[in-house]
Trainee: 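Mind looking over this structure? Questions follow.
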Amino acid sequence: MSELPEFIDGLPNISGWDREREEATRRGRDRTVFLHESGIDFARARGCCAVALHMHQPLIPAGGPGRGSDPRREPLVGNLEFMLESPYEEDRHNAGIYRWCYRRPGEFIPPLVHEGKQPRLTLDYTGTLLHGLQQLDANDVLDALRSVTCDPRYRRCVEWLGTTWGHTVAPSTPPQDFRLHVTAWQNHFASLFGLEALSRVRGFMPSELALPNHPDVAYEFVKTLRDCGYQWLIVQEHTVENPDTGWGSPYLHLPNRMVCTNSHGETASILVLIKTRGSDTKIVGHMQPHDEAASQSRWDYKGRKILPMVTQIADGENGHVMMNEFPNTYLDVVRRASGTDVPLVNPTEYLEYLWADGWREEDFPVVQPVRQKRIWERFRAGDGPEKLARTIEDLHREDYHFHVEGGSWTNDISWVYGYENVLGPMEKASALFHEKVRRPGVPPAEHRYRNALFHLLTAQTSCFRYWGQGRWTDYGREISRRALEILTHDF
C-alpha cells in the first residue's frame, strides 16, 4: 500500500484516499496486532488496567497579526499556537507545558523499554490537534509520537484510539457528518503515521465520551464504527444500561456488548469497555486504575475464570495533576507493575488475550444506550421513525428530565440547550454540504471538496458548545459562516 501525503494544497489530508484507507482497516480486522509481541504473562495475571490519555486543541479563527482581534479576518490556527503567540491569552504561561504533554508519550516509552520494563499507554489525539501541531511545525512532537507508533521496538507499548477528526459531539451531530469525521481522522492519521499503523487502530474514543441514545442515531453511530473497521469503543459507565433492568452494567471491568436497534428494526452491535467514575484527572494523574486493578482477582463468569481490566481515560494535558504529577507517577507505576500479576495493558492487547483464551464477543453481557429501556417499553422496533418521534415526545411531556440528547462524561452539561445560535449555522452548513457536494458526487480528492469538508468538520468542534455564550460560540459561528460561504460561492 502506498503512503499518503500529509498536506494537499495547504490542507490536511482528510479525504480522497478511501481505497487505501479501507484496505488498511480491512487488513487489520482479522489479524493479531499486539498479543504476538506483547511479552506480558497474561496467564499469571489476576487483574490489569488500561490508561488512556485524551489530547485535544481546537482550530480557531485567530491566526493573524492581531491574534484574535478580528475573527472574521484571521486564518484558522491551532489553539496551542494562539496560546503560545498571543499576548492576550490568559493561559499563555501553560502553552509550553501543553506542548510537552503532547510529546512526552514518545519520551516515556523508549527508556522504560530499554530498562526491561513493560510500559503501556493508550492515546487519543484529535485531528484538529494533529493539524495544529503540523501548522506549528512541531516536528519534535510528531517525530516522538512516530517513534513509539511505528518502531517495532516500541509499538507494542502504545495503542492509538480512533476518534472524530473535529472533536464533535456525536448525539447532536448529523449522522452523515459523524461518518465524515471518523473517516477524516483515519485518513489524517494514516498520512502522519502510515497505513500500517492505521491497520492497528481497533478501538474508538467518542469525543466528550458522548454516546447517542436516540435509537436511530445510536444505530447509525455503531454501524459507522463497524463499517470503518472498529471493534470496540470506550463509554462512560452512566451512559449505558442493562436492557432488562434499566440500571448500569454490573460487569464494569469486563467487555460488554452494546446492541443498538433503530426504528426500522435493524440492529448493530459493538464491544464497549466501560470507563468508571467521572472526569476527575486525578484518577489517572495518580494512576489509581492500577491500585484498583491490584485489588482484583479473576472473576467467576459463565462457569469459568476471566481476567478483569480497569479502564480509565483522562485529559492528558489539562490541570496541574496531569501537567506536573502524572509523569513521575506513571513512570513509578510502570516500574513497579512490570513483570507482576497486575500488569498495565492496552485494550486491544487485553481483548486479543481473551480471544486466545476462548472467549467470544457473544459471551459478554448486553447493554444499550441509557434511557432506551423506557422507549422500548412503549415502542416496537420496526414501527418506523414517525411513531418513534411521537413516543419520545410523550415520554418528555410526562417527564421533562427525559431526553435523547445522549450521555457524556458529565450529566451537568447539555450540548444542545442554549446553543441554538451555534447549532443553527452548523446544521445549515451540513445540509448545504450534502446538497451541493455529497449528492452531486464531487470527488473527495478535489480541493473544493476538501476545503468545504475541512471547514464543516472544524465548525462542529465541541469547544464551541462548552463554555457558554461568548468568545467560543463566536468562533463556532464564524467557522460555520466560512463553510457556508465556501459552499455558496465555490459550488
Side-chain angles (χ1 to χ4, degrees), residues 8-16 57-64 66 68-79 82 126-128 131-132 135 164-185 187-188 207 217 415-491:
I8 303 174
D9 298 328
L11 292 171
N13 187 344
I14 56 174
S15 67
Q57 289 289 349
L59 298 172
I60 60 174
S69 60
D70 185 0
R72 290 179 66 91
R73 296 176 178 272
E74 296 180 1
L76 295 178
V77 298
N79 188 55
F82 178 72
T126 63
T128 53
H131 179 55
Q135 284 184 312
T164 52
W165 188 85
H167 202 260
T168 191
V169 183
S172 50
T173 299
Q176 65 270 23
D177 293 354
F178 177 76
R179 183 173 288 252
L180 292 172
H181 277 278
V182 173
T183 57
W185 185 91
N187 223 73
H188 194 184
S207 300
V217 180
W415 301 100
V416 177
Y417 182 74
Y419 289 109
E420 294 81 3
N421 63 335
V422 180
L423 287 168
M426 185 185 88
E427 291 168 354
K428 186 176 179 181
S430 171
L432 199 58
F433 180 86
H434 291 276
E435 175 189 332
K436 288 198 165 189
V437 180
R438 293 284 283 177
R439 293 195 187 103
V442 177
E446 189 176 316
H447 176 75
R448 292 186 306 159
Y449 180 106
R450 190 174 289 109
N451 191 35
L453 178 65
F454 171 74
H455 285 83
L456 174 67
L457 302 186
T458 301
Q460 295 175 341
T461 297
S462 71
C463 301
F464 308 139
R465 288 185 284 145
Y466 180 79
W467 302 105
Q469 295 295 320
R471 180 174 62 138
W472 288 96
T473 49
D474 291 346
Y475 284 157
R477 293 166 60 195
E478 168 58 21
I479 300 169
S480 290
R481 184 195 67 79
R482 296 185 190 190
L484 286 165
E485 187 175 75
I486 291 165
L487 291 163
T488 301
H489 296 305
D490 292 356
F491 293 89

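Sequence positions, counted from 1, serve as the residue numbers for this chain.
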Trainee: For Ala62 versus Glu74, what's the shortest heavy-atom pair and its separation?
Mentor: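 Ala62 and Glu74 have their closest heavy atoms at CA-OE1, 3.0 Å.
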Trainee: Between Ser172 and Arg465, does any side-chain donor sit less than 3.5 Å from a side-chain acceptor?
Mentor: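 Short answer, yes.
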Trainee: What is the minimum heavy-atom distance between Thr461 and Gly166, and which atoms define it?
Mentor: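 Heavy atoms of Thr461 and Gly166 come nearest at OG1-O, 2.8 Å.
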Trainee: Start with the C-alpha gap between Ile14 and Leu453, add the side-chain angles, then the distance that decides, and say whether side chain to side chain contact (heavy atoms under 4.5 Å, CB included) holds.
Mentor: CA-CA 8 Å; Ile14 56 174; Leu453 178 65; 3.9 Å; yes
Trainee: So does Arg482 get a backbone contact from the side chain of His455, meaning a donor-acceptor N/O pair under 3.5 Å?
Mentor: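 Checking the backbone N and O of Arg482 against the side chain of His455, no donor-acceptor pair under 3.5 Å is found.
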Trainee: Do Ser462 and His167 have side-chain N/O donor and acceptor atoms under 3.5 Å apart?
Mentor: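 Note: Ser462 and His167 side chains meet the donor-acceptor criterion.
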Trainee: Output the distance between atom CZ (Arg72) and atom CD (Glu478), rounded to the nearest 0.5 Å.
Mentor: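 The distance works out to 5.5 Å.
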Trainee: List the atom of Ile479, the atom of Pro61, and the distance in Å for their closest heavy-atom pair.
Mentor: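 Where Ile479 meets Pro61 most closely, the heavy atoms are CD1-CD, 4.0 Å.
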Trainee: So does Lys428 have more than 12 non-hydrogen atoms from other groups sitting under 6.0 Å from NZ?
Mentor: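 No, because the 6.0 Å sphere around NZ of Lys428 holds 12 heavy atoms or fewer from other groups.
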Trainee: Report yes if some heavy atom in the side chain of Phe464 is under 4.5 Å from a heavy atom in the side chain of Tyr419; otherwise report no.
Mentor: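 Of all side-chain heavy-atom pairs linking Tyr419 with Phe464, none is under 4.5 Å.
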Trainee: Answer with yes or no after comparing the ring centroid distance for Phe491 and Tyr449 against a 6.0 Å cut-off, counting only values under it.
Mentor: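 Between Phe491 and Tyr449, the centre distance exceeds or equals 6.0 Å.
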Trainee: Please round to the nearest 0.5 Å and tell me the distance separating atom NE2 of His489 and atom CZ of Arg448.
Mentor: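 The CZ atom of Arg448 is 14.0 Å from NE2 of His489, to the nearest 0.5 Å.
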Trainee: Side chain to side chain contact (heavy atoms under 4.5 Å, CB included) for Asp177 and Leu456? Distances and angles first, verdict last.
Mentor: CA-CA 9 Å; Asp177 293 354; Leu456 174 67; 4.1 Å; yes
Trainee: Locate the shortest heavy-atom distance separating Arg450 from Pro444; write the atom from each residue and the value.
Mentor: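 Answer, listing the atom of Arg450 first, then Pro444: NH2-O, 3.7 Å.
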Trainee: Could you go through the side chain to side chain contact (heavy atoms under 4.5 Å, CB included) check for Ile60 and Trp472 one step at a time?
Mentor: CA-CA 9 Å; Ile60 60 174; Trp472 288 96; 3.7 Å; yes
Trainee: Can a donor-acceptor pair be found between the side chains of Thr164 and Ser207 at a distance below 3.5 Å?
Mentor: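 Thr164 vs Ser207: donor-acceptor pair found between side chains.
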Trainee: Would you say the side chain of Leu423 lies within less than 4.5 Å of the side chain of Val416, judging by non-hydrogen atoms?
Mentor: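 A side-chain contact under 4.5 Å exists here.
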Trainee: Using only atom types and a distance under 3.5 Å, with no angle test, would you say the side chain of Thr183 pairs donor to acceptor with the backbone of Arg179?
Mentor: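 Indeed, once roles are kept as given, a pair shorter than 3.5 Å links the two residues.
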Trainee: Hey, does the side chain of Tyr475 reach the backbone of Ala459 with a donor-acceptor pair shorter than 3.5 angstrom?
Mentor: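 Not confirmed, Tyr475 side chain does not pair with Ala459 backbone.
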Trainee: Do the side chains of Ile8 and His447 get nearer than 4.5 Å, heavy atoms only?
Mentor: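 Not in contact.
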Trainee: Are Phe454 and His131 close enough that some pair of their side-chain heavy atoms sits under 4.5 Å apart?
Mentor: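 Of all side-chain heavy-atom pairs linking His131 with Phe454, at least one is under 4.5 Å.
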Trainee: Measure from the side-chain N and O atoms of Gln135 to the backbone N and O of Leu76, and report whether any donor-acceptor pair falls under 3.5 Å.
Mentor: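 Side chain of Gln135 to backbone of Leu76, a donor-acceptor pair under 3.5 Å: yes, one is there.
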Trainee: Answer yes or no: does atom CZ of Arg471 have more than 12 heavy-atom neighbours from other residues, nucleotides or ligands under 6.0 Å?
Mentor: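 Counting neighbours around CZ of Arg471, more than 12 heavy atoms of other residues, nucleotides or ligands fall under 6.0 Å, so yes.
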Trainee: Once you round to the nearest 0.5 Å, how far does OG of Ser430 lie from CZ of Arg438?
Mentor: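 Going from OG on Ser430 over to CZ on Arg438, the span is 10.5 Å.
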Trainee: Find the distance between CG (Leu457) and NE2 (His181) and round it off to the nearest 0.5 Å.
Mentor: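 Result: 4.5 Å between the selected atoms.
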Trainee: Are side-chain N/O atoms of Asn421 and Gln469 paired as donor and acceptor at under 3.5 Å?
Mentor: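 Result is yes, a qualifying pair exists.
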Trainee: Would you mind reporting whether Leu484 and Leu432 have side-chain heavy atoms less than 4.5 Å apart?
Mentor: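 They are in contact (side-chain heavy atoms under 4.5 Å apart), so the answer is yes.
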Trainee: Can you tell me how far the CG atom of Leu180 sits from the OG1 atom of Thr168, to the nearest 0.5 Å?
Mentor: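 With rounding to 0.5 Å, CG (Leu180) is 11.0 Å from OG1 (Thr168).
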Trainee: Of all heavy-atom pairs between Glu446 and Val442, which one has the smallest distance, and what is that distance?
Mentor: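 Looking at all heavy atoms of both residues, the shortest contact is OE1-CG1, 3.8 Å.
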Trainee: Side chain to side chain contact (heavy atoms under 4.5 Å, CB included), that's the test. Do Trp165 and Thr128 meet it? Break it down for me.
Mentor: CA-CA 6 Å; Trp165 188 85; Thr128 53; 3.7 Å; yes
